[in-house]
Amino acid sequence: MDTAAALAFAVDGATAVAAAFNAAWLLQHWVRGAERGRRLAAITLALFNAGVGLQAAFAQALYTSHRFNGPIEPFFAPAPWLASRAALLAGTLLLSLLILRRAER
């Protein structure tokens, strides 16, 4: 594997690990019962980080499959494509709701 490919693999891997750590920490913050506004912010950021982690894992799997001449068509089927983006969408929408709620004050 050349240096650029190894770097691409490492970047996606590090992103997925960091996002999983962040999501886990934020979920435990939510479960422990922080005050209401902070709990909603924690679950929003946890969903957003879960989405980032899923995207990184999806990109890494697609890149690896392509790099080693594996099948890439399954990655473009609607189910895996949408599943890899659902948590990111949920986190983004919750963040938009938090912003709108804050703007109303």
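None of the values given here were measured: they were computed from a predicted structure.
Shown here for Leu98 and Ala41, the closest heavy-atom pair between the two residues is CD1-CA, 3.9 Å. The heavy-atom pair separating Ala23 from Ala50 by the smallest distance is CB-N, 4.1 Å.
The side chain to side chain contact (heavy atoms under 4.5 Å, CB included) check on Phe21 picks up nothing, with sequence neighbours excluded. Under the rule for a side chain to side chain donor-acceptor pair (under 3.5 Å), Asp12 has no partner lying at least two apart in sequence or in another chain. Remark: Val17 pairs with no residue by the side chain to side chain contact (heavy atoms under 4.5 Å, CB included) rule, at least two apart or across chains. For Ser96, there are no side chain to side chain contact (heavy atoms under 4.5 Å, CB included) partners at least two apart in sequence or on another chain.
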Donor-acceptor pairs are to be reported for all side-chain atoms of residues 56-64 against protein atoms at under 3.5 Å, with residues two or more places apart or in another chain.
residue: Gln60; atom: NE2; partner: Phe9; partner atom: O; Å: 2.8
residue: Thr64; atom: OG1; partner: Gln60; partner atom: O; Å: 2.7

Residues 82-90 side chain polar contacts: donor-acceptor under 3.5 Å, at least two apart:
residue: Ser84; atom: OG; partner: Gln55; partner atom: NE2; Å: 3.3
residue: Ser84; atom: OG; partner: Pro80; partner atom: O; Å: 3.4
residue: Ser84; atom: OG; partner: Trp81; partner atom: O; Å: 2.9
residue: Arg85; atom: NH1; partner: Trp81; partner atom: O; Å: 3.2

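Annotation: the span from Arg38 atom CZ to His29 atom NE2 amounts to 6.5 Å, rounded to 0.5 Å. Atom-to-atom distance recorded for Leu95:CG and Leu47:CG is 11.0 Å, nearest 0.5 angstrom.
Cluster annotation: Leu27 is not connected to Phe48 through the hydrophobic network of ILVMFWY side chains, with a link wherever side-chain heavy atoms come within less than 4.5 Å. Residue Leu97 is not grouped with residue Leu93 when hydrophobic side chains (ILVMFWY) are merged at heavy-atom distances under 4.5 angstrom, including chains of intermediate members.
Annotation: side chain of Asn49 is in contact with side chain of Leu26 (closest heavy-atom distance under 4.5 Å). Contact of the Asp2 side chain with the Arg67 side chain is registered, since non-hydrogen atoms from C-beta on lie closer than 4.5 Å.
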Check the pair Val11, Leu7 against side-chain contact (heavy atoms from CB on, under 4.5 Å), reporting the backbone distance first and the verdict last.
CA-CA 6 Å; Val11 166; Leu7 185 59; 4.3 Å; yes
